[in-house]
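The structure appears right after this line, and notes come after that.
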Amino acid sequence: MGIMLILIAIIFFLLGILSKRNPTWGWRANEAWKIKGDSEPSDAYIDDMKFRGSVSILFGFFFLACGLLVILL
């Protein structure tokens, strides 16, 4: 059980870091098809993705702590 929590933590860490460093990485697949013509993601979208990345990293810390507690206790 503890190993699974640590693996989930690693996934959250990786997704959070990806969202913080490159917030437009999934924009074309998720949002660009809804807009006609060429366009770029808005500043609000970029800020939202950076915030979601921060939250994902916090969830990663939570799952890491839980996994370590399960393994060590």
Side-chain angles (χ1 to χ4, degrees):
M1 181 69 182
I3 302 282
M4 285 300 292
L5 289 172
I6 292 175
L7 289 175
I8 291 170
I10 291 170
I11 291 170
F12 272 110
F13 278 134
L14 292 176
L15 288 175
I17 290 170
L18 181 64
S19 291
K20 292 280 289 177
R21 292 188 61 142
N22 190 6
T24 61
W25 68 275
W27 184 78
R28 293 235 183 265
N30 292 331
E31 303 295 330
W33 63 272
K34 299 176 189 175
I35 300 168
K36 227 180 219 187
D38 275 346
S39 67
E40 295 294 322
S42 67
D43 290 337
Y45 177 84
I46 292 171
D47 290 341
D48 183 49
M49 290 306 293
K50 287 181 180 180
F51 175 74
R52 289 180 187 197
S54 299
V55 171
S56 179
I57 291 170
L58 288 176
F59 275 124
F61 278 121
F62 173 75
F63 280 109
L64 181 65
C66 290
L68 290 174
L69 283 174
V70 168
I71 289 174
L72 296 176
L73 296 180

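Checked against ring pair (Phe, Tyr, Trp, His ring centres under 6.0 Å), Phe12 has the following partners two or more places apart in sequence or in another chain: Phe59, Phe63.
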Check residues 38-51 and write down every donor-acceptor pair under 3.5 Å in which the side-chain atom is one partner and the other belongs to a residue at least two apart or another chain.
residue : atom : partner : partner atom : Å
Ser42   : OG   : Tyr45   : N            : 3.2
Asp48   : OD2  : Arg52   : NE           : 3.1
Asp48   : OD2  : Arg52   : NH2          : 3.2

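Taking the side chain as every heavy atom from C-beta outward, Trp25 and Ser19 approach each other to under 4.5 Å. Considering only heavy atoms from C-beta on, Ile71 comes within 4.5 Å of Ile6 through its side chain.
Nearest heavy-atom pair across Phe13 and Leu64 is CE1-CD2, 4.1 Å. Contact record, Gly60 with Ala9: O-CB, 3.3 Å, taken as the closest heavy-atom pair. Across Ser54 and Lys20, no two heavy atoms sit closer than the pair OG-NZ, 3.2 Å.
Separating the OG1 atom in Thr24 from the CG atom in Asn22 is a distance of 4.5 Å, to the nearest 0.5 Å. Here Ile57 contributes atom CD1 and Leu14 contributes atom CG; the two are 10.0 Å apart, rounded to the nearest 0.5 Å.
Within a 6.0 Å sphere centred on CD1 of Ile3, heavy atoms belonging to other residues, nucleotides or ligands number 12 at most.
Trp27 and Ile17 sit in two unconnected hydrophobic clusters of ILVMFWY residues. Membership requires side-chain heavy atoms under 4.5 Å apart, directly or through other members.
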